[in-house]
Q: 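Sending over a structure as structure tokens; questions will come in a sec.
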Amino acid sequence: MDRNSAIGIFDSGVGGVSVLRDAVRLLPREHFLYYGDNLNAPYGTKSEDTIRTLATHVADVLLSCGIKALLIACNTATSAAVAALRARLAIPVVGMEPALKPASFLWRGGRILVLATPATLRQQKYQALSEKYGEHAVVQPCAGLMEFVEAGELSGERLNAYLKDVLADYENVQLDAVVLGCTHYVFLKRAIAALLPGVPLVDGNEGTARRLKSLLEQGDMLRTQGEGSVRFMTSGDESVFIPLMEKLYRIPV
Ligand code: DGL
């Protein structure tokens, strides 16, 4: 495999752009090809089989572009499809999971709230993670939340009303940390933090980017010179989603 080939990265939509940013920061010489499956979003309310079929199709599209590694920038797609994709692809495949493990080490014995999609929380992968690290964790599935980010709505009354409703049970609960277990939610940090003042918000993006780097290092597949690049692709309306991805790629979170 040519070290100058791009790294493919995908999500059900624009959420994975939050992971892309960390990956580019860590690997500035690499070429990244980002694919948002916006046409089929959300994944988080679909069945495991459907998510696996969709993710396999996206991986095939990226493979046909000649990528050297695949980063699944989506917790939901990782839970449903990472094993199948690793078995199918001859390139390194990096997935992600809600950052419960690091959070449980940082706030030992603390109460941790995990926000993620219904599909992520329901699946075996999260159940296994929770058995190991989730003794003090509470989970909150957030069907409907990623749609705000897909619509470019990162603040405002509608979003606040949704969040207030979903976080109502935790108003009087002492939380030590909140795990953002969906890559879309990283773009909603400000709105979530405003409702949970002082509670640290944790995501797995940087750890995932580091894992990608170390796998490429191990395989001697890193680009060693020249400037990197980022290209966006979508299964949805290009005139809507490419500008949104470009905007999200640039805004500070
Ligand atoms: N961004 C995805 C994740 O990290 C999920 C959004 C969706 O429901 O498609 O889980």
Side-chain angles (χ1 to χ4, degrees), residues 11-19 21-22 41-46 73-79 96-123 125-127 129-208 244 248 251-253:
D11 177 41
S12 59
V14 298
V17 174
S18 65
V19 188
R21 292 154 50 120
D22 281 311
Y43 280 8
T45 46
K46 292 186 166 65
C74 176
N75 297 268
T76 310
T78 299
S79 330
M96 54 192 308
E97 63 186 15
L100 183 56
K101 181 178 171 183
S104 73
F105 288 133
L106 281 169
W107 291 278
R108 232 169 251 281
R111 181 165 289 262
I112 297 163
L113 171 64
V114 180
L115 304 178
T117 69
T120 295
L121 296 174
R122 188 180 66 222
Q123 288 179 71
K125 198 167 187 306
Y126 181 78
Q127 296 306 322
L129 183 73
S130 170
E131 258 165 47
K132 270 187 169 165
Y133 306 105
E135 197 189 337
H136 305 283
V138 276
V139 298
Q140 178 61 54
C142 299
L145 185 51
M146 69 81 83
E147 282 86 339
F148 286 93
V149 185
E150 288 290 291
E153 207 174 320
L154 308 185
S155 61
E157 263 173 44
R158 249 172 44 94
L159 173 65
N160 282 342
Y162 175 100
L163 288 172
K164 264 193 192 142
D165 189 42
V166 116
L167 297 172
D169 287 351
Y170 311 102
E171 228 167 5
N172 300 313
V173 178
Q174 161 70 38
L175 290 173
D176 293 288
V178 174
V179 170
L180 303 177
C182 167
T183 52
H184 281 78
Y185 305 168
V186 175
F187 290 113
L188 301 175
K189 265 186 183 167
R190 256 187 219 152
I192 296 170
L195 294 176
L196 298 170
V199 182
L201 306 180
V202 191
D203 65 69
N205 287 2
E206 206 189 311
T208 304
L244 179 58
L248 291 172
I251 59 163
V253 271

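Everything quoted here is computed from the prediction, not taken from an experiment.
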Q: Looking at Glu206 and Asp22, what are the two nearest heavy atoms and their distance?
A: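 What the structure gives for the nearest pair is N-OD2, 3.9 Å.
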
Q: So how far is it from Tyr126 OH to Leu100 CG, rounded to the nearest 0.5 Å?
A: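 Those atoms lie 5.0 Å apart.
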
Q: Taking only residues two or more places apart in sequence or in another chain, which ones pass side chain to side chain contact (heavy atoms under 4.5 Å, CB included) with Glu97?
A: Lys125, Leu129

Q: By the definition side-chain contact (heavy atoms from CB on, under 4.5 Å), identify the one residue from Thr117, Leu121, Thr183, Asp11 that meets it with Thr76.
A: Thr117

Q: Search all heavy atoms of Cys74 against all heavy atoms of Tyr43 and return the closest pair with its distance.
A: SG-CD2, 4.4 Å

Q: About how many Å separate CE of Met96 and OG1 of Thr120, when rounded to the nearest 0.5 Å?
A: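 Taking OG1 in Thr120 and CE in Met96, the distance rounds to 10.0 Å.
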
Q: Could you pull out all residues at least two apart from Arg158 that satisfy side chain to side chain contact (heavy atoms under 4.5 Å, CB included)?
A: Phe148, Glu153

Q: How close do Gly44 and Pro118 get, heavy atom to heavy atom, and via which atoms?
A: O-CD, 3.4 Å

Q: With sequence neighbours excluded, what pairs up with Ala99 under the side chain to side chain contact (heavy atoms under 4.5 Å, CB included) test?
A: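 Listed in chain order: Pro102, Val179, Val202.
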
Q: What verdict does the side-chain contact (heavy atoms from CB on, under 4.5 Å) test give for His184 and Val14, after you've listed the backbone C-alpha separation in whole Å, the side-chain angles of each residue and the deciding distance to 0.1 Å?
A: CA-CA 7 Å; His184 281 78; Val14 298; 4.2 Å; yes

Q: With rounding to the nearest 0.5 Å, note down the distance linking CZ in Phe187 to OG in Ser155.
A: 14.0 Å

Q: Enter the distance from Ile251:CD1 to Arg190:CZ here, rounded to the nearest 0.5 Å.
A: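 Spacing of CD1 (Ile251) from CZ (Arg190) equals 7.5 Å.
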
Q: Sorted by first residue and then second, give each salt bridge (Lys or Arg N to Asp or Glu O under 4.0 Å) pair with at least one member in residues 134-151; sequence neighbours left out.
A: none

Q: As a quick check of understanding, evaluate side-chain contact (heavy atoms from CB on, under 4.5 Å) for Leu154 and Leu188, giving each step before the final call.
A: CA-CA 6 Å; Leu154 308 185; Leu188 301 175; 4.1 Å; yes

Q: In Å and rounded to the nearest 0.5 Å, what is the CG to CD1 distance from Leu145 to Ile192?
A: 6.0 Å

Q: State which residues pass side chain to side chain contact (heavy atoms under 4.5 Å, CB included) with Leu195; sequence neighbours excluded, sorted by chain then number.
A: Leu163, Lys164, Leu167

Q: Test Lys189 against Leu180 for side-chain contact (heavy atoms from CB on, under 4.5 Å), laying out the working first.
A: CA-CA 9 Å; Lys189 265 186 183 167; Leu180 303 177; 3.7 Å; yes

Q: Please collect all side-chain hydrogen bond (donor to acceptor under 3.5 Å, both in side chains) contacts where either partner lies in residues 100-111, sequence neighbours excluded, each pair once.
A: none

Q: How many angstroms lie between OH in Tyr170 and CG in Leu115, if you round to the nearest 0.5 Å?
A: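 Here the interatomic distance stands at 7.5 Å.
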
